[in-house]
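Remarks on the structure that follows.
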Amino acid sequence: MILYALRRLAVAVVILLVICGATFAIFYLMPADPAQGACGKACSPERIAQIRTTLGLNHPVLIQFRDYLAGIVAGRSYGTGAQAVTCPIPCLGFSFQTNEPVWGLLTERLPVSVSIAVGAAALWLAVGVTAGVVSALRRGSVWDRAAMVAALGGVSLPVYFTALVLQYLLVVKAGVLPYPQAVALTDDPVGWAESMLMPWITLAMLYAGIYARITRGEMLESLGQNFVRTARAKGLPERTVLRRHALRPALMPIVTIFGMDLGALLGGALITESAFGLPGVGKLAADAINSADQPVILGVTLFAAGFVVLANVAVDLVYAALDPRVRAVG
Amino acid sequence: MSLLTVRDLSVEFPSGVRAVDGLDLELDAGRVLGVVGESGSGKSVTSLAVMGLLPPDTRTSGDIRFQGRQLTGAGPRALRALRGDRMAMIFQDPLSCLNPYYTVGFQIAEAYRAHRRAGRRAARDIAVRMLDRVGIPEPERRARAYPHEFSGGMRQRVLIAMALCLEPDLLIADEPTTALDVTVQAQILDLLRELRERSGTAIMLITHDMGVVAGLADDVVVMHGGRAVEHGAVRDVFYQPRAAYTRGLLACVPRVDGPLPERLPTLRTPAAGEPPEVTS
Amino acid sequence: MTATLPASVPGATRRADRREASLLRRLLTQPSSALALVSVCLLVAVALGAPLITWLTGTSPTAFHSEAVDPALGGLPRGAAGGITSAHWLGVEPGSGRDILARVAYGARVSLLISVLATAISVALGTALGLAAGFFGGWTDAVIGRVMDLLMSFPSLIFMIALISAAPGVNRQLLLVVVLGFFGWPYVGRLVRGQATVLARGEFVAAARVLGASRRALLVREVLPGLTGPVLVVATMSIPNYVATEAGLSFLGIGVQPPTPSWGQMIAAAVPWYAADPMYFLIPGAFLFITVLAFNVLGDAIRDALDPRSRR
């Protein structure tokens, strides 16, 4: 089991390195000049040359990549002498726009993204899995059909559209909710929940649809398993049969998908945060893209990729812990 | 007194297929009844009907009496109380019949606890004892193992242990040896024979294999097209088969003691109601 | 003596024709899939007929109509429901007064073109590489399998954004097609690989091989026909995905660039106006939702029609 975990972590590190390399290659081989970006519109050639030296852009690409990686692990400093700027571990460079360290920007905005992701995940998991199970148990009924139509509708809703509709109905027309803002949970729990409610619903509508469809399919599959028949033959109460013998295996694939989805959202719900104007990691990415702030884009990409890859590892480990057959192989 | 009586049983699926069509059969306490027939003859559906395990959208008519109690039309609660306690069942493919996520010890204990008040520990001890009884070595350790860690024959032993942990009066064994290797088949049949002699549990043995019936059963019902075409003591049916279909089935069994035929005869599936032809 | 061999190709074609005919019939007998099919056809008609629509209404997606907006109200459309009049059937944009119907119709063109082309790329790449992996096995399979795993564990949306934003000056629509198609092929590839592995080890392929068929002939005649069904399903399912992703990228400002209209971009432009003029985001949003929904319903229906086991 420990060996398995180590092996999975090693694979994760390799994937992260590949992503890092690919992202780096995109930015530093593309026509846009980072020095120009760092300096802004009106800029003298001398100033650009100076920035090139400071950022290390005169070195070959591989050396730059090595420095970038070294910066993440060991920190780095830009420039020399009195003008040197140190960038602490993990160094992802400085924003061209605000000159703040990228890592600081990311961690500062993480709580908003986590609030959105975790709340939405709890909501869609509860709604989606419940709807899927009930649909499977009452296959072909009116409820089943209605739920599946609703699920397909939810899957087809673009989040920014849902976001605008909700905001129009709940804030502008009904006035029951305030405009969403970044409120810390610790400062004002009620304000936090009020601000987060619409992003939660928006994301949950999409994901609950997906989860309801998957849960229903998996549940039908496991209800047809021979061991469910065995459980009934043993004379177990129907509730126990369903919960222990049908639902448990049906939830296994959900664990995988849930981990991946949550991992992807923790690294920033790009569109949702932009649509509600909430300053999370995703909004940071969107703003950086619009202002061509390359160190921030690179940093967010890696940060988000890190969450996805870590979620991958976590899912594999959880799966191994839950499934004795995988555990034996590992 | 007869333990199980089936009278005029018919089972129809929503697709319109009538899997069982006016079946009669009888099983006395402590006896072994072989139910034979080719696939699709309705033998498995009959066993599921007795257990009350058919899907809710099937239409069942006729009488099933178990220990004098009427099972057709009985509520799910009453059926559940009997299932696993007074009547138990084992199935063809032992791997898919065990839940891969729980240890075999848990799955046996679960069957016991479904019907008797017992703590986890007590039920687990019973599971270990059952594993020992069905011939699984190191039962204490193996109770903590998962189904995929057992061989096919051992899994079937686990299922038998699970079925017998409450000493039921009736055990329905649906093709208990079909998915197993030949040598393992013999071991499982020996085990069933031994358990039956020791506990006196009646067995309804469902199989397509005349050899299995000959080795274990006292009586036999030959099923074809959802009906019983022949019913009687094994000796009588095997040596003086009355129905043409039974003769056909018997002719298909390869024999070690007879002359070697050029090729084995095959049953040509006849039109409904007609006796099959045997070609060789 | 080719004449004595079973004429497998014409036979297969006839079989395929029959299957298509019955697929279409099945889609039309179910109300939901029939409605979806009609919606998709209508959308395609709107996209293809966009010039005709603008000719009929006498406008264009880029023409400004200052007379349709009221500068006294900060540029809100004159009239009810976002300025719906006989001249502007779906109203006009606040501020500029551009015709929404014209922009939505041309937006449909962009949306469908990008997603269909991206689907074509991912299906072509996925089929070719998936076939190679499943059919040849061994090394080829290992390498292609690893690449697919890697691409699927990429945070693709953010990566697409990074890729697109780092390439200024490149034709955006072309870039979108290439990027969407490139990140989509592993999903097709995985499916094709699985099917090809099963088919390549199937008995009828073994039989053909015994009869002396060449590898190429095997691939073309025996393996490919078995793949059309699953590939058709995955292609239909990937179109709504690409429509939504393109609109999402355009919403973020890195998809289709103005003045070319796109639904996502229109919704983004509507954000500052949504409280005063909800029609501006409701109309492109509704088109987007219906398109994605119709393709999703259609994909489900085709899957159910081709694989009765999945109909539950």
Side-chain angles (χ1 to χ4, degrees), chain A residues 12 15 18-19 22-23 26-32 136 139-140 148-149 152-153 155-162 164-165 167-168 171-173 213 216-217 220-221 260 263-264 267-268 270-271 274-275 277 282 285-286 288-290 292 294 297-298 300-301 303-309 312, chain C residues 32 36 149-170 240-241 243-245 247-254 263-264 267-268 270-271 273-278 280-282 284-297 299-300 310 312:
Chain A
I15 292 179
V18 172
I19 292 176
T23 323
I26 290 170
F27 282 107
Y28 287 80
L29 299 179
M30 285 287 172
R139 166 160 61 138
M148 284 307 112
V149 168
L152 205 54
V155 171
S156 309
L157 270 176
V159 287
Y160 40 91
F161 180 58
T162 322
L164 283 178
V165 173
Q167 202 157 308
Y168 182 72
V171 181
V172 178
K173 283 286 156 192
R213 281 160 62 87
R216 178 178 181 272
L220 284 176
E221 176 122 12
M260 302 299 298
L270 214 91
I271 296 177
S274 301
I289 290 158
N290 286 329
Q294 290 184 12
I297 304 178
L298 187 57
V300 175
T301 310
F303 194 68
F307 272 110
V308 170
V309 171
N312 243 317
Chain C
S32 60
D149 284 350
L150 187 72
L151 275 177
M152 285 193 287
S153 64
F154 258 46
S156 57
L157 181 66
I158 206 148
F159 205 77
M160 278 186 224
I161 291 166
L163 196 64
I164 294 170
S165 66
V170 184
N241 246 326
V243 169
T245 312
L249 290 172
S250 298
F251 175 80
L252 290 172
I254 47 172
W263 295 341
I267 297 173
V271 170
W273 301 93
Y274 82 94
D277 182 11
Y280 187 22
F281 77 85
L282 279 175
F287 269 85
L288 184 55
F289 173 62
I290 289 168
T291 307
V292 174
L293 182 63
F295 275 107
N296 275 335
V297 171
D300 267 15
S310 72
R312 287 156 159 171

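To find a chain, count down the sequence lines: A is the first, B the second, and so on, and within it residues start at 1.
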In this structure, CG of C:Leu252 is separated from CD1 of A:Ile271 (nearest 0.5 Å) by 5.0 Å
Residues at least two apart in sequence or cross-chain that pass ring pair (Phe, Tyr, Trp, His ring centres under 6.0 Å) with A:Tyr160, listed by chain then number, are C:Phe251
Tell me, side chain or backbone of [X] under 4.5 Å from chain C's heavy atoms, or both, or neither?
X: A:Ala264; answer: neither
X: A:Ala288; answer: neither
X: A:Ala22; answer: both
X: A:Leu164; answer: both
X: A:Val149; answer: neither

Correct closest heavy-atom pair for C:Leu293 and A:Leu152 would be CD1-O, 3.6 Å
Residues C:Phe281 and A:Phe161: closest non-hydrogen pair is O-CE1, 3.6 Å
Test side chain to side chain contact (heavy atoms under 4.5 Å, CB included), reference A:Pro158, set C:Leu288, C:Val243, C:Thr245, output is C:Leu288
With chain C, the option among A:Gly153, A:Ala136, A:Ala286 that has the most non-hydrogen atom pairs under 4.5 Å is A:Gly153
Honestly, the part of C:Ala244 sitting under 4.5 Å from a heavy atom of chain A is backbone
Review point. Heavy-atom distance under 4.5 Å between the side chains of A:Arg213 and C:Asp300, does that happen here?
Key: yes
Is the shortest heavy-atom distance from the side chain of A:Val165 to the side chain of C:Leu282 under 4.5 Å?
yes
